[in-house]
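Okay, structure first, notes after.
Order of the sequence lines sets the chain letters (A, B, ...), proteins ahead of strands, with each chain counted from 1.
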Amino acid sequence: MNPDALAELVRDVARDVLTERELDLSALPADAGVERPRNPEHGDYATNVALRTAKKAGVPPRDLATWLAEALAARDGIAAAEIAGPGFINLRLAADAQGAVVGDVLAHGTAFGAGDELAGQKLNLEFVSANPTGPVHLGGTRWAAVGDALGRVLQARGAAVTREYYVNDAGAQIDHFASSLIAAATGGPTPDNGYGGAYVGEIAQRLVAANPGVLDLPEAERHRVFRDTGVALMLEEMRSSLHAFGTDFDVWFSELSLHASGAVQESVGQLKDSGALYEKDGAWWLRSTEQGDDKDRVVIKSDGSPAYIAGDIAYLRDKRARGFDRCIYMLGADHHGYTVRLKAVAAAFGDDPSVVEVLIGQLVNLVRGGEPVRMSKRAGTIVTLEDFVDAVGVDAARYSLVRSSVDSTLDVDLDVISRQTSDNPVFYVQYAHARLSSLARNAADLGLTPGESYGLLEHPREGDLIRTLGGFPEVVRSAAELREPHRVARYLETLASAYHKFYDSCRVLPMGDEEISELHRARLALCVAARQVLANGLALMGVSAPERM
RNA sequence: GCCCCCGUAGCUCAGGGGAUAGAGCGUCGCCCUCCGGAGGCGAAAGCGCAGGUUCGAAUCCUGCCGGGGGCACCA
């Protein structure tokens, strides 16, 4: 019996009891369920349903708990139901009922943990979207890991996900980038507001090599070639480093294309016509204060040119036209003020602002030997995605970024992560998987095959492991609902721990010439299930599940 | 001044109103006659402060203190 089934049973019994006692059925919370108590003495599962229902039903919690416990104890699969404290009911499952979870895992395989509550939802996930004026740095890397993992989690629960990268290839920064490339190609000094990293020289060199004679073009023409080709080369580099990182985008959306196609003009015109924008001081304004902004924002400047947000207006309209139910934006903390503006854009189109969902990720701080490392794209003293991966590898890099809530600023100590020791919890989780893989190989050598006598799995640590496995689908479900993929990472650490503890106490393979028993076979099944769930969880984070380490 | 995030063990971080607040690393002490010791067992050590809501608050609300990040007719 998995937690869902048990919760269903509890609600079922509660309805029976309330009906029988002629109490108010609506007192029962719809989400009444079970939880795993911290203290093992409190049973396999516990429910607070009596506490939550008693007041509204008008009966003392302990009385209600008593009735519920009696009724629960009589049900199949429940070995014991005891009242504790103010009205908790502590439940113990029969070993065979609980062990059936192992069979569930084996039956579902890679699909264990998947669900369908998001089926039919079309979600657009926009993340990274770093300016194509330099390599992806650490902040973008955090989103590359978290955004991709979130996409995997959402897909696992049934959503249709499009990963999208908004390319800011219009605007002054791009011109500064082009000027910097020209300066590098001609041996001139890096211009003010320009970019001076080593990568600028490399790209300039490649650009000139691929376009002989480009330096002899008239200035405007030369600038255009450097800008367009430079951005293309830069993007190709970013795309390939993101790919190596395990993050691939379905759509690379050009900001410039929105201007070139007239989409900006059209969408702004639409909002002018509908009265969503108003004119003041020669400019056109978005009523962002209606969504809580400090002040309204300019969409069309008084000189007639579009402000940055005009692109966002066209872009959101485009996304909605492509049929996305939700547009999720993942932004750095330095852009948090943008949240209300984007919601205001949705509202301007007459949409519910909740179609725009903005996730704010706090910044990643770099530390080296306790000293903070300053990041500056222009000075070239940045730590890039590639630097990070070179230092610790893709798995450790992704895992260390995904395992924490994006609400937390993250301190990454380069000295620590460069050591490549087992400081990182990813090794703990991967090791469990490797150990289980090894066990599977040994079992195969011995001719041991998984068995289904799950009722034999009565050791406390077998029970812990089984219950942990049973909790996986709910973890994935909540990670998707809350947009918090780090929950999966934390779960995996718990699972790895439960497995190691089990393995320390319970012998799986027959010793010496011991005969193969049903217990051996049931334990092997449990191990296969544990390995499956570890692999499924690691896959959700885009981290490999090694057979050997 | 206004807005967002954070404040939990020595460090980095978990903890969706529930019982005795957890993990990794670090410190100290244990455990290998065969399945991977990259493991297990034990010890020391913590919710910034003050109110409020609740049967029950690390969690929700308010205020204060401390840290980080934002507040453009820039992009």
- [ ] Indicate whether OP1 or OP2 belonging to B:rC71 is found under 4.0 Å from a side-chain N or O atom of A:Lys295.
- [x] no
Open item on the list: Let's test this: given Watson-Crick or G-U wobble pairing with both distances under 3.5 Å, identify the partner of B:rU59.
Closed with: none
Open item on the list: With a 3.5 Å cut-off and heavy atoms only, can you find an N or O donor on one side and an acceptor on the other between the side chain of A:Thr409 and the base of B:rG68?
Closed with: no
Open item on the list: Is the base of B:rA19 stacked against the aromatic ring of A:Phe88, taking ring centres under 5.5 Å apart and planes under 30° as the test?
Closed with: yes
TODO: Map A:Asp303 and A:Ala46 onto RNA chain B by nearest heavy atom, then report which one ends up closer to the 5' terminus.
DONE: A:Ala46
Open item on the list: Categorize A:Ala84 for me: base, sugar-phosphate, or nothing, with a 4.0 angstrom heavy-atom threshold over every strand shown.
Closed with: base
Open item on the list: Heavy atoms only, 4.0 Å cut-off, all strands: where does A:Arg487 land among base, sugar-phosphate and nothing?
Closed with: base
Open item on the list: Taking the basic N atoms (NZ, or NE/NH1/NH2) and the acidic carboxylate oxygens, is any pair closer than 4.0 Å for A:Glu357 and A:Arg483?
Closed with: yes
- [ ] Scan every strand shown for a Watson-Crick or G-U wobble partner of B:rG66, both distances under 3.5 Å, and answer none if you come up empty.
- [x] B:rC6
Task: hbond_proxy A:Ser408 side chain to B:rC6 base (donor-acceptor, 3.5 Å cutoff) - done: no
Task: Integer angstrom distance from the C1' of B:rG17 to that of B:rC55 - done: 12 Å
Task: Donor-acceptor pair (no angle test) under 3.5 Å: A:Asn39 side chain, B:rU20 base - done: yes
Open item on the list: Any strand counts, and the cut-off is 3.5 Å on both contacts for Watson-Crick or G-U wobble. Which nucleotide pairs with B:rU53?
Closed with: none
TODO: Give A:Ala333 one of three labels, base, sugar-phosphate or nothing, depending on what nucleic acid heavy atoms sit under 4.0 Å from its own.
DONE: sugar-phosphate
Task: Assigned partner base of B:rA19, Watson-Crick or wobble definition, under 3.5 Å - done: none
Task: Nearest-angstrom distance, P atom, B:rC30 to B:rG68 - done: 43 Å
Open item on the list: Give me the distance, rounded to whole Å, that separates B:rA38 from B:rU59 when you measure between the C1' atoms they each carry.
Closed with: 35 Å
Task: Syn/anti state of B:rC60 by chi, 90° boundary around 0 - done: anti
Open item on the list: Only pairs with both distances under 3.5 Å count, Watson-Crick or wobble alike; so what is the partner of B:rC32 in this structure?
Closed with: none
Open item on the list: Considering every strand and a 4.0 Å limit on heavy-atom distances, what is the contact class for A:Ser405: base, sugar-phosphate, or nothing?
Closed with: sugar-phosphate
Open item on the list: Using a heavy-atom cut-off of 4.0 Å across all strands, would you classify A:Ala434 as base, sugar-phosphate, or nothing?
Closed with: base
Task: From A:Ser267 atom OG to A:Arg317 atom CZ, the distance as rounded to the nearest 0.5 Å - done: 5.0 Å
- [ ] May I ask you to say what A:Asn48 touches in the nucleic acid, namely base, sugar-phosphate or nothing, with a heavy-atom cut-off under 4.0 Å?
- [x] base
Open item on the list: Categorize A:Leu482 for me: base, sugar-phosphate, or nothing, with a 4.0 angstrom heavy-atom threshold over every strand shown.
Closed with: base
Open item on the list: Distance check, P atoms only: B:rC65 and B:rA50, in whole angstrom units.
Closed with: 15 Å
Open item on the list: For a quick check of understanding: with a heavy-atom distance under 4.0 Å over all strands, which category does A:Leu410 fall into, base, sugar-phosphate or nothing?
Closed with: sugar-phosphate
Open item on the list: If the cut-off is 4.0 Å, is A:Arg461 near the phosphate of B:rC41, judged by side-chain N/O to OP1 or OP2?
Closed with: yes
Open item on the list: So A:Glu514, base contact, sugar-phosphate only, or nothing? Heavy-atom distance under 4.0 Å.
Closed with: nothing
Open item on the list: Looking only at the side chains, is there a donor atom on one of A:Glu255 and A:Asn168 sitting less than 3.5 Å from an acceptor on the other?
Closed with: yes
TODO: Respond yes when some side-chain nitrogen or oxygen of A:Lys301 is under 4.0 Å from OP1 or OP2 of B:rC74, and no when none is.
DONE: yes
Open item on the list: According to a cutoff of under 5.5 Å between the ring centres and under 30° between the ring planes, does A:His42 stack with the base of B:rA19?
Closed with: yes
TODO: Look at A:Arg467 together with A:Asp464 and state whether they make a salt bridge at an N to O cut-off of under 4.0 Å.
DONE: yes
TODO: Return the nucleotide paired to B:rA14: Watson-Crick means purine N1 to pyrimidine N3 with N6-O4 or O6-N4, wobble means G-U with N1-O2 and O6-N3, both under 3.5 Å.
DONE: none
Open item on the list: Between A:Glu462 and A:Arg523 (salt bridge meaning N to carboxylate O under 4.0 Å), is one present in this structure?
Closed with: yes
TODO: Tell me what A:Gly171 touches on the nucleic acid: a base, only sugar-phosphate, or nothing, going by heavy atoms under 4.0 Å.
DONE: sugar-phosphate
Task: Sugar-phosphate only, base, or nothing, as touched by A:Glu481 at under 4.0 Å among non-hydrogen atoms - done: base
Side chains of residues 501-513 of chain A: which donor-acceptor pairs under 3.5 Å do they make with residues two or more places apart or in other chains?
residue, atom, partner, partner atom, Å
A:Ser505, OG, A:Arg461, NH1, 2.6
A:Ser505, OG, A:Lys501, O, 3.3
A:Arg507, NE, A:Leu509, O, 2.7

Open item on the list: Applying the Watson-Crick and G-U wobble criteria at under 3.5 Å, what pairs with B:rG1? Answer none if nothing qualifies.
Closed with: B:rC71
Open item on the list: Applying a 4.0 Å non-hydrogen cut-off, can you work out what A:Cys506 is touching in the nucleic acid: base, sugar-phosphate, or nothing?
Closed with: base
Open item on the list: Quick check for you: to the nearest 0.5 Å, what is the distance between A:Ser302 atom OG and A:Lys280 atom NZ?
Closed with: 12.0 Å
Open item on the list: Let me spell it out: for each of A:Arg548 and A:Glu35, pick the nucleotide of RNA chain B with the closest heavy atom. Which residue's pick is nearer the 5' end?
Closed with: A:Glu35
Task: Value in whole Å for how far the P atom of B:rA58 lies from CZ of A:Arg38 - done: 12 Å
Open item on the list: Between A:Tyr428 and B:rG40, is there a contact of a side-chain N or O with OP1 or OP2 at under 4.0 Å?
Closed with: yes
Task: A:Tyr338 OH - B:rA75 P separation (whole Å) - done: 10 Å
TODO: Give one of base, sugar-phosphate or nothing for A:Asp293, where a contact means two heavy atoms less than 4.0 Å apart.
DONE: nothing
Task: Base paired to B:rU27 (Watson-Crick or G-U; both N/O distances under 3.5 angstrom) - done: B:rA43
Open item on the list: Check A:Glu493 with A:Arg403, please: is the shortest side-chain N to carboxylate O separation under 4.0 Å?
Closed with: yes
- [ ] Between B:rU8 and B:rC49, how far apart are the C1' atoms? Round to whole Å, please.
- [x] 15 Å
Open item on the list: For the P atoms, the ones on B:rG42 and on B:rA23, what distance do you get once it is rounded to whole angstrom?
Closed with: 10 Å
Open item on the list: Regarding A:Ser404, tell me which of base, sugar-phosphate or nothing describes its non-hydrogen contacts under 4.0 Å with the strands shown.
Closed with: sugar-phosphate
Open item on the list: Regarding B:rA19, can its base be found pairing with the side chain of A:Asn90 as donor and acceptor, where the two atoms are less than 3.5 Å apart?
Closed with: yes
Open item on the list: Any donor-acceptor pair under 3.5 Å linking the side-chain atoms of A:Thr133 with those of A:Asn131?
Closed with: no
- [ ] Verify the contact: side-chain N or O of A:Lys501 to OP1 or OP2 of B:rA23, cut-off strictly under 4.0 Å; return yes or no.
- [x] no
Task: Any donor-acceptor N/O pair under 3.5 Å between B:rG40 base and A:His500 side chain - done: no
